[in-house]
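Each chain gets a letter, A, B and so on, in the order its sequence line appears, and its residues count up from 1.
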Protein chains: 2
Amino acid sequence: MSQSANKQITLKEVAEAAGVSVSTASRALAGKAEAYRISRSTERSVQAAAKRLQFQPSLLAKSLRSQRTKLLGVVLPNIANPFFASIAREITLAAEENEFSVLLADSQENGETEVHLVEQLQARQIEGLVVCPVGIQNQHLTKITRQNLPLVLVDRGFAHKDLVTVTSDHREGARVATKLLTDQGHHQIGVLQGLPDTLPNTERLRGYSEELKRCGITFDPTLIAGNHFDESSGYHAAHQLLSAHPEITALFAFSNQNALGALRATAELGRNIPDDLSLIAFDDHPFAAYLAAPLTSVCQDVSQLGRVAASLLMEQIKTGKQPIEKQHRIPVEIINRSSIAKFE
Amino acid sequence: MSQSANKQITLKEVAEAAGVSVSTASRALAGKAEAYRISRSTERSVQAAAKRLQFQPSLLAKSLRSQRTKLLGVVLPNIANPFFASIAREITLAAEENEFSVLLADSQENGETEVHLVEQLQARQIEGLVVCPVGIQNQHLTKITRQNLPLVLVDRGFAHKDLVTVTSDHREGARVATKLLTDQGHHQIGVLQGLPDTLPNTERLRGYSEELKRCGITFDPTLIAGNHFDESSGYHAAHQLLSAHPEITALFAFSNQNALGALRATAELGRNIPDDLSLIAFDDHPFAAYLAAPLTSVCQDVSQLGRVAASLLMEQIKTGKQPIEKQHRIPVEIINRSSIAKFE
DNA sequence: TTGAAAGCGCTAACAG
DNA sequence: CTGTTAGCGCTTTCAA
């Protein structure tokens, strides 16, 4: 019952069917009939044979020969996360426009896996790479740049400012979000943070503390809790903060998943938003408007993030040069709904 | 300033560095030293040279030679949709486990694009393909099966029952959802449908009408509206239905995006859920529990969908045989919340 | 125990 | 206008 996979038609067979040599067949099909002054008749017979046999040239062989694979690599921490899925999509669409294909890999938020996947992609001779790096270590990525393989980091990045990076303006977003809270009289603001030491988290913390400082509120590190951008972290952090600090009047969640966890925790605690507790979140969400307490949020332009990353990458591939500007910031937007109440 | 990309180290260079022939180098690195009785010393010197030069064998050349690419193709209508993103993720993880890589493509719900992408993937000599087909036309897919390229359809499928397909039990899900409504006394149930003539939509309609029949309610086709699984379709369909049929007491949305549109429409219309209108939706959502009216929904096991598709595919690749069972149904689960009220 | 050579499918330089 | 040939980087006979 096991049938061998149907052999692919090769150029050689097309050539034979058309009664010409492989080179002629190759040229005719590559649209170089003009340049090589191939007769109309042979050109047509080659095309006919190719069509008849349903010839599909092997991109594998083409790539080996030309040393150009038209392959892009994308490594993300979790493809199922809509945030990363949107980024993946934009890159894929840009790739398709340029006749590139995308090799997508999921590092599962694991640094070693990331290193392994990047190597694997390199072995496939990708022409460009987009990574949202998992960790704080980046040797394997600087190495890539040294090897002149076009690389763009997205969302997360490093202190190492030479790597091309596109990410949101986390600091400004967090600053404005915090201001929204302080403007309403909130002084005890708990933070549900994400993965510590990642660029987005660090910068958001910075924006938060800067705004506090501006208001003359002293920064209290015990008001920060959480260790991931996921629901579970938000849930536990909210519980912890709310029980240890009854004086907290507002929560700032660093992702919509964190906010989701906060929602679950506050529901359990019987705290009502916004009456008993104000809430603001990084990342908007389609459903945010229809929640029991329509969620005020800091909206990242995820598609734009992906598009900029993609164009930065394609540009590098086309020109062979790195962009002059390495650091790219995408502005965020505040969506004002009603999860924040005045505190007096 | 433009620097040429760093040439990859080839086996030849490793061989030279180790002072052996390419064949020996190849064998030593392939772990075939034993089989070929290569001396410990040469084996080690080859390995040392490879390591020193950071040799990464070209999978391109390997694939061309072995006619095995270890490449999977995945074509989905919209990667940014969390539903498809989850499927993509499961396939990717399964692939990574088996040392395969995944070529991901986005058909943008466009049949022609899908055909083109599938061809492109085939040209890259993928060893297996997962598609969520956009349309009702399937010639290009049956052709693939005829060519003995392992293929698995996911979510959507065709009447053509020979294609390996894994999808949810839409009919049963819709039947139970409808029963939830009829049990509460709802007889005028509007349907916010998705893309007509797709398998999920057709089967859901069937489950819906079967349940109505069982209750002795006559099926009214004018109670069906919508043409896509997206927010916009849900929004317009809800408006249309609610204005044309004031007698409607409940809405059945065929996707969570459709439900989102319904939420927007009902908010505009000032209809309160569940008091003025009951709502149930296909597809659960993390935020569903925290909506103003916690949404009762039919939850598909998306990860399972992806996992089954992946394992069906890997199995075909490994054995070279098609599975005996072509049609695979994943059970759905009803999540009872409070968007349905009794109607008397 | 190792090397030379062929060949996977394709393109391009060179030769008519 | 077209064919012959070499070679992309690798594995695997075949030969020693």
Side-chain angles (χ1 to χ4, degrees), chain A residues 4-47 49-50 53-71 122-125 127, chain B residues 5-47 49-50 53-71 122-127:
Chain A
S4 69
N6 249 356
K7 199 175 55 63
Q8 292 265 352
I9 305 297
T10 74
L11 188 57
K12 189 163 162 235
E13 301 172 76
V14 175
E16 277 163 10
V20 298
S21 74
V22 267
S23 10
T24 303
S26 169
R27 298 192 265 247
L29 294 175
K32 297 186 182 161
E34 287 274 307
Y36 283 90
R37 306 164 23 107
I38 291 174
S39 72
R40 282 298 280 151
S41 71
T42 42
E43 182 185 5
R44 264 203 288 266
S45 80
V46 170
Q47 290 169 337
L53 300 179
Q54 304 204 52
F55 171 64
Q56 272 192 324
S58 161
L59 289 187
L60 218 54
K62 252 195 174 86
S63 299
L64 181 59
R65 171 67 228 230
S66 65
Q67 297 295 67
R68 292 216 49 192
T69 55
K70 297 216 154 214
L71 239 30
Q122 277 197 279
R124 291 205 188 263
Q125 327 270 86
E127 295 187 41
Chain B
N6 249 356
K7 200 176 52 65
Q8 291 265 349
I9 305 297
T10 74
L11 188 57
K12 188 164 162 232
E13 301 173 77
V14 175
E16 278 164 10
V20 297
S21 73
V22 267
S23 4
T24 303
S26 168
R27 298 192 266 246
L29 294 175
K32 295 185 181 159
E34 286 273 305
Y36 282 90
R37 306 163 22 108
I38 291 174
S39 73
R40 280 301 277 151
S41 70
T42 43
E43 182 186 7
R44 263 202 289 266
S45 79
V46 170
Q47 290 168 337
L53 300 180
Q54 305 205 53
F55 171 64
Q56 271 191 324
S58 161
L59 290 187
L60 220 53
K62 252 196 171 96
S63 298
L64 182 59
R65 172 67 227 230
S66 66
Q67 297 294 71
R68 291 216 51 194
T69 55
K70 297 217 154 213
L71 237 30
Q122 276 196 281
R124 291 205 188 264
Q125 328 272 83
I126 50 170
E127 295 187 40

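No donor-acceptor distance shorter than 3.5 angstrom exists from the side chain of A:Gln125 to the backbone of A:Gln67, with no hydrogens or angles considered.
At least one side-chain nitrogen or oxygen of B:Gln67 sits closer than 4.0 Å to the OP1 or OP2 atom of C:dG9.
At whole-Å resolution of the value, CZ in A:Arg68 and C1' in C:dC10 are 16 Å apart. Here D:dG9 presents its P atom at 11 Å from CD1 of B:Ile9, a figure rounded to the nearest Å. At whole-Å resolution of the value, NZ in B:Lys62 and C1' in C:dG9 are 19 Å apart. Computed from coordinates, the B:Lys12 NZ to C:dA4 P distance equals 12 Å when rounded to whole Å. Between the CG atom of A:Leu11 and the C1' atom of D:dC8 there is a distance of 16 Å, rounded to whole Å. Going from atom CD of B:Gln56 over to atom P of D:dC10 covers 11 Å, rounded to whole Å. Summarising the geometry, the separation between CG on B:Leu53 and C1' on D:dG9 is reported as 15 Å, rounded to the nearest angstrom. When the P atom of C:dG9 is taken as reference, atom CG of A:Leu59 falls 14 Å away, rounded to whole Å.
In this structure, the side chain to side chain donor-acceptor pair (under 3.5 Å) partners of A:Ser23, at least two apart in sequence or on a different chain, are A:Ser21. Residues forming a side chain to side chain contact (heavy atoms under 4.5 Å, CB included) with B:Leu59 (at least two apart in sequence, or on another chain): A:Ala123, A:Arg124, B:Lys62. Taking A:Ser26 as the reference, nothing meets the side chain to side chain donor-acceptor pair (under 3.5 Å) condition, with sequence neighbours excluded. Evaluation of the side chain to side chain contact (heavy atoms under 4.5 Å, CB included) rule for A:Gln47 yields A:Leu29, A:Glu43, A:Arg44 as partners, not counting sequence neighbours. For B:Ser66, the side chain to side chain contact (heavy atoms under 4.5 Å, CB included) partners are B:Arg68, not counting sequence neighbours. By the side chain to side chain contact (heavy atoms under 4.5 Å, CB included) test, B:Glu16 is found to be paired with B:Lys12, residues two or more places apart in sequence or in another chain being considered.
Atom OG of B:Ser63 sits about 10.0 Å away from atom CG of A:Leu64, to the nearest 0.5 Å.
Of the residues in residues 35-47 of chain B, those with a non-hydrogen atom less than 4.0 angstrom from any atom of DNA chain C are B:Tyr36, B:Arg37, B:Ile38, B:Ser39, B:Thr42. Near DNA chain C, meaning a heavy atom under 4.0 Å from it, residues 23-34 of chain B has B:Ser23, B:Thr24, B:Arg27 in order of number.
Both A:Val22 and B:Ser21 sit near DNA chain C, but only B:Ser21 has its closest nucleotide nearer the 5' end.
Among residues at least two apart or in separate chains, there is no salt bridge (charged side-chain N to carboxylate O under 4.0 Å, His left out) pair with a member in residues 20-38 of chain B.
Comparing C:dC10, C:dC8, D:dC8 against the side chain of B:Leu64 picks out C:dC8 as the nearest.
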